[in-house]
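Please read the structure below before turning to the comments.
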Amino acid sequence: MIQVTELSKKYGGNTVLNIESLEIPKGQAFGLVGNNGAGKTTFFNLLLDLIKPTTGTILNNKIQVNTSEDWKPFTAAFIDESFLIGYLTAEEYFYFIGELRGMNKADIDAFLAQFSEIFNDEIIGKKKYLRDLSKGNQKKAGIVAALIGNPEVIILDEPFANLDPTTQIRLKKLLSELTKDSNATVLISSHDLGHVTDVCERIVVLDKGDVVKDLKTSEETLKELETYFSV
Amino acid sequence: MIKHFLNFEWKQFVRSSYFQKGIAIKILLILAVLYFGGIALMLGVGLFFILKKTLPETDPIIIVNNFLIYWFIFDLALRFFMQQLPVMNVKPLMIVPIKRNTIINYLLGKTALSFFNFLPLFVFVPFSIVLLIKGYPVLNVVCWFFAMLFLVLSNNFINFLINKSNTYFYVLISIFAIFIGLEFFNIYKVSAPIGVAFNTLYNNPILSIIPLILMIGLYAFNFNFIKKEFYLDDAVSKKIKEVNATDLSWMNRFGSVAVFLKNDVKLIYRNARPRQVMMMSFLFLFYGLIFYTQETYQNMPAFLAFASIFVTGGFLLTFGQLVPSWDSEYYKLLMSQNIPYKKYLESKWYLMVFGVSLSFILATPYIYFGWKIYGMIAAGALFNIGLNSFITLIGGALNRVPIELNVKAKAFSNTNGFNPTQMLIALPKMVLPMLLFYVPYKFISFEAGLIVLGLSGVLGIVFKGFFLNKIEKIYQKGKYKTLAAYNEK
């Protein structure tokens, strides 16, 4: 689904990302881990064509992301709060994203019903603007919005951060179901090694912009990651 | 401590992407500063002699005093739109061991160093020197000069206050409205007693103490105002308002751009800053009153054409010039969502067309000034829709100043989206229609001028697709830069 070749990003003389080649097949749950400054968010920003690659290309379903906009209809993402429109209520925001993806209000309402557990009555029908919600609730809204319209590629940057424990567990369940049922390709980054090994079938470790590990998740993966990071 | 503050400010200034604009724009800015400074200087030197020549029987200082009030009002208006107020991110300073008073004093003191406080000096200093050379009493002139200085600084602090608080802004606007009303309908000339007051001040040097007290008072007022806001759970915190959801589904008839239009309407009425701009654009409707009522301009139709652009172009000029910036808070979303760039730009175009059309309808009473004037407004509206809208969109591509929409929530951030760069970008929007009208008017006739001006707009509408494609390319090219600039707040 996603093909990365010779991708690098430099700021000045400083290389922040350098990936020779990386291929993410369709339907994979792909996890990205690494310390601060490893290049996780840079990679996601490049995938979404929000920053310009210094060299190399990214193909999303055979479409080169920085020359065509045709990847947008089947790709969705939530990177940070700047993906929310602060002056809308959560519903209005969902309807907006829904309209962009060709769904009407009824479709969206039906879609949102399945998230009532996650929303915990704090997001829908609250008559509050998104900017007035707490960080955690904003995150919930952003993640759910990224799932609207059955996107084939879903990119979530640190989806577990700022969430309460209950929601973290529910989100894990949700993400696993997503890759199994709808065959969507899910890319997440996380600092929580436990969560990421639970959800992802493949984990790539970045360090200062380089891919240092590419693991197929198994019983030992969590151990291996913990050993790697405890140095 | 001040040393640190100055250091921070300097770093913020030279490291902002705003400063890293093209060299051409920087040079233009410097030229503009020199130009206005030069004009002020010439005015200051020449004022005395010009007045002496045109009105020989009255003492120039008396005439100047009579008109001072207009100067100060103009000065305040200019400041409100142009003066960049200092930005200090206060939150991180709240818990470090610096005295609160030091921070506030610094914040206020810094505003006093603005170019707008030096500009009047270019006029008042040479004017006072000329007065002294001409043998006016030294004590009176010097005290008068200092009184002017205090009043200029008072204006500075008033501007700070009305920029930071909408309440004071509306209070001031209402007072002005009442004054203008009284003056305009000849009920009571408010300017007359003010002129007398200034003359009394000149004749009694001791009275210069009043402006001094006024300035100190305003400073103290500002000081207390900021000090009160210096709490996270007070004014620095956000006031959570209940949502008033409005059904905008009737807008769906606008087809594929409807989804954006609905958003833009919400943007305008739910955020403090766009609301303020909307109000401003409404005032533009009255611009024509200044030009159409004056005899002098009747024989200068190019200026009337200029005014006509303003009458219907208020929304276009004020809201439109900040077009991608309005979405700066969530630009990343727009760039990665299922939105073709062209559709986004088209929706903004429709919004501006809507704004111009609405202004045109509201401008109907101008028929009172005759069909010639009204024809001009109509031609101007066509030009605004057909060409100015596209020029505005192109200008937007160069404008990478992020806007914080809900300004009220953050009383210490920079609320002024207006800046000189934007004024420079705005230049072709005003010069072009004047040329389009004036050239055929000069060589053929008044009607020809109108037709050319109007037709230029129609052509723009006909070639809309072409223009939007070109503009899309410009935006596409600047996309990464824009995203990076919006990212820094």
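Bear in mind the structure is a predicted one, so any value in this text is a computation, not a measurement.
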| Of the listed residues (A:Ala76, A:Ala145, A:Pro73), which shares the most heavy-atom pairs with chain B below a 4.5 Å separation? | A:Pro73
| task | Describe, in one word, how the ring planes of B:Phe319 and B:Trp326 are oriented to each other, choosing from parallel (under 30°), tilted (30 to 60°) and perpendicular (over 60°). | result | parallel
| Which answer fits A:Leu84, side chain, backbone, both or neither, if we ask what part of it has an atom under 4.5 Å from a heavy atom of chain B? | backbone
| query | Parallel, tilted or perpendicular for A:Phe78 and A:Phe83, by the 30°/60° rule? | reply | perpendicular
| Side chain A:Asp164, main chain A:Thr167, donor-acceptor under 3.5 Å | yes
| Candidates A:Ile24, A:Ile154, A:Asp157 - the one meeting side-chain contact (heavy atoms from CB on, under 4.5 Å) with A:Leu187 | A:Ile24
| Best-contacting candidate, A:Leu48, A:Ile155, A:Ile85, against chain B by heavy atom pairs under 4.5 angstrom | A:Ile85
| Within 45° of the axis and under 6.0 Å from the centre of the six-membered ring of A:Tyr95, does NZ or CZ of A:Lys105 qualify? | yes
| said: Heavy-atom pairs under 4.5 Å with chain B: which of A:Ile97, A:Val65, A:Ile79, A:Asn45 has the most? | reply: A:Ile97
| field | Part of B:Lys262 within contact of chain A (heavy atom distance under 4.5 Å) | value | side chain
| message | I'd like to know if the side chain of B:Lys479 reaches the main chain of A:Asp49, judged simply by a donor and an acceptor atom lying under 3.5 Å from each other, with no hydrogens or angles considered. | response | yes
| field | Interface moiety of B:Lys266 toward chain A, non-hydrogen atoms closer than 4.5 Å | value | both
| query | What class does the angle between the rings of A:Phe160 and A:His195 fall in, given that below 30° is parallel, 30 to 60° is tilted and above 60° is perpendicular? | reply | tilted
| request: Sort B:Leu483 into side chain, backbone, both or neither according to what part of it lies under 4.5 angstrom from a heavy atom of chain A. | output: side chain
| Residue part contacting chain B, namely of A:Leu88, when any heavy atom lies under 4.5 Å | both
| note | Cut-off 4.5 Å, heavy atoms of chain B, and the answer for A:Asp80 is side chain
